[in-house]
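What follows is one structure encoded as structure tokens, with my remarks underneath.
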Protein chains: 2
Amino acid sequence: MATKETKDSGIQPPRTLDGQLCFALYSANLAMGKVYRQLLAKLDLTYPQYLVMLVLWERDGVTVSELGDKLFLDSATLTPLLKRLQAAGLVARNRSTQDERQVIVTLTDEGRALQAKAADVPVDLFCAMDCDVETLGGLKAQLEMLRSNLSDAAK
Amino acid sequence: MATKETKDSGIQPPRTLDGQLCFALYSANLAMGKVYRQLLAKLDLTYPQYLVMLVLWERDGVTVSELGDKLFLDSATLTPLLKRLQAAGLVARNRSTQDERQVIVTLTDEGRALQAKAADVPVDLFCAMDCDVETLGGLKAQLEMLRSNLSDAAK
DNA sequence: GCTAATTCAATTGCAAGCGATTGAATTGTG
DNA sequence: CACAATTCAATCGCTTGCAATTGAATTAGC
């Protein structure tokens with residue numbers, strides 16, 4: 001055999017930077033982060049903090065684990081992030097009385113009020129992406145499939 | 001006007017977590033990072049470090065700025081990363097004699113030797129993604145377009 | 001030739017992100 | 001009931017990623 005081949009397929013994955021899908025994913029994500037940083041600056045939120053607020057605006061009063069399941073993050077990331085949101089006066093953290101292991105995250109009045117100020121964010125971001133809706137929808141579906149496959153592969 | 005609309009388009013970008021392309025991008029990138037962390041553990045590299053090595057394996061002896069242009073990263077990220085690669089014995093960092101402001105990054109013998117050990121990484125990752133090549137190619141092109149558009153939007 | 005503007009890497013301070021571990025609370029099993 | 005296993009949040013240590021700044025080297029303008 002002259003060159004290494006992918007199992008059973010005979011396909012050659014690219015070995016250079018430019019050829020790799022993963023680098024495109026990585027750098028698109030970085031670029032998205034920069035746009036969000038600008039858009040969210042007026043709300044004093046980072047993108048992961050904004051994601052937590054999105055979850056809470058949809059359904060208030062969730063545990064750290066539930067947040068983690070929705071956002072694919074664990075407590076090592078969420079606990080300090082939630083403390084910062086608490087310090088900013090946007091959420092409260094309270095132990096569940098039913099199960100003292102769980103911490104319930106709740107919106108404060110200020111946190112609820114922030115939703116109105118954040119209304120423009122999805123619109124502005126949609127404009128920044130400058131794509132037609134069909135493309136974005138297809139891209140979203142493919143990325144979700146990719147995330148699912150990669151999650152399965154990672155143990 | 002009953003609801004806010006995207007400029008001139010009448011289109012409603014999604015406001016919930018599940019609806020957002022950006023979250024799909026963000027979480028797919030996190031999932032990719034976890035797979036790479038496992039694959040690269042045997043090489044003692046992180047994914048950004050691996051990207052730097054990819055660049056150097058393609059063309060040895062590049063400046064920090066050139067690395068930054070290729071990887072869309074700046075010196076605040078690259079300098080400490082390169083110092084870690086240097087501490088690991090994979091690269092050397094030397095001031096250019098032509099222009100003392102520039103730092104030239106060069107592979108050591110050990111760094112060059114690592115390329116052989118990394119040969120399986122793209123293959124393994126391709127398997128982990130579990131997609132056909134056409135899908136991956138299309139996805140890569142769309143992500144590159146998205147990155148470009150977002151970069152333009154961010155200042 | 002001299003000063004102003006620019007370029008380049010480095011540094012600082014902060015916020016993720018995660019592997020690994022800890023400790024408390026709960027559940028399961030005999 | 002007892003006690004082992006599990007679940008859950010928190011903590012530690014490390015590596016990105018970046019805005020802002022610094023300081024040195026180079027280039028441009030006069």
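Chain identifiers are assigned alphabetically (A, B, ...) following the order of the sequence lines, protein sequences preceding nucleic acid strands; residue numbering begins at 1 within each chain.
Across the protein-nucleic acid pair, B:E100 atom CD and C:dA10 atom C1' stand 15 Å apart, rounded to whole Å. The nearest whole Å value for the distance from the CG atom in A:L71 to the P atom in C:dA16 is 12 Å. Distance CG (A:D74) to P (C:dT21): 15 Å, rounded to an integer number of Å. C:dT26 atom P lies 5 Å from atom CG of A:D99, rounded to whole Å. Atom C1' of nucleotide C:dC18 and atom CG of A:L78 are separated by 12 Å, given to the nearest angstrom. Per the geometry, CG belonging to A:L30 stands 5 Å off P belonging to D:dC18, to the nearest Å. Computed from coordinates, the B:L67 CG to C:dA10 C1' distance equals 15 Å when rounded to whole Å. The CG-P distance, from B:N29 to D:dT16, rounds to 14 Å in whole Å.
Note on B:E66: nothing from the nucleic acid sits closer than 4.0 angstrom, heavy atoms only.
In the set C:dA25, D:dT11, D:dT26, the nucleotide with an atom closest to the side chain of A:T79 is D:dT11. Comparing C:dG19, D:dA20, D:dT26 by their closest approach to the side chain of B:K34 singles out C:dG19. Distance from the side chain of B:V64 is smallest to C:dA10 among C:dG19, C:dA10, D:dC18.
B:Y47 pairs by the ring pair (Phe, Tyr, Trp, His ring centres under 6.0 Å) definition with A:Y26, B:Y36, not counting sequence neighbours. Scanning for salt bridge (charged side-chain N to carboxylate O under 4.0 Å, His left out) contacts around B:D99 gives B:R101, with sequence neighbours left out. Contacts of A:A76 classified as side-chain contact (heavy atoms from CB on, under 4.5 Å), with partners at least two apart in sequence or in another chain: A:D74. Contacts of A:E66 classified as salt bridge (charged side-chain N to carboxylate O under 4.0 Å, His left out), with partners at least two apart in sequence or in another chain: A:R59. With sequence neighbours excluded, the residues that form a side-chain contact (heavy atoms from CB on, under 4.5 Å) with B:A154 are A:K34, A:V35, A:Q38. Legend: residues meeting salt bridge (charged side-chain N to carboxylate O under 4.0 Å, His left out) with B:E100, ordered by chain and number and at least two apart, are absent. A:D60 pairs by the salt bridge (charged side-chain N to carboxylate O under 4.0 Å, His left out) definition with A:R112, not counting sequence neighbours.
For residues 127-136 of chain A, the side-chain hydrogen bond (donor to acceptor under 3.5 Å, both in side chains) pairs, not counting sequence neighbours, are A:D132-A:T135. Residues in residues 75-86 of chain A take part in these side-chain hydrogen bond (donor to acceptor under 3.5 Å, both in side chains) pairs, two or more places apart or across chains: A:Q86-A:R93.
B:T108 contributes a side-chain N or O that, together with a main-chain N or O of B:G89, makes up a donor-acceptor pair within less than 3.5 Å. No donor-acceptor pair under 3.5 Å is formed between the side chain of A:S148 and the backbone N or O of A:E144.
Taking each heavy atom of A:A118 and A:W57 in turn, the nearest pair found is CB-CH2, 3.7 Å.
Contacts with DNA chain C (heavy atom under 4.0 Å) in residues 35-50 of chain A: A:T46, A:P48, A:Q49, listed by number. Near DNA chain C, defined here as any heavy-atom distance below 4.0 Å, the residues from residues 80-97 of chain B are B:K83, B:R93, B:R95, listed numerically.
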* Structure fact -> Reading nucleotides 1-6 of chain C from 5' to 3' and marking B where a protein heavy atom lies under 4.0 Å of the base, S where only the sugar-phosphate is that close, and - otherwise, the string is ------
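In this structure, B:Y26 reaches the C:dG17 phosphate: one of its side-chain N or O atoms is under 4.0 Å from OP1 or OP2.
A donor N or O paired with an acceptor N or O is not found under 3.5 Å between the base of C:dA16 and the side-chain atoms of A:T77.
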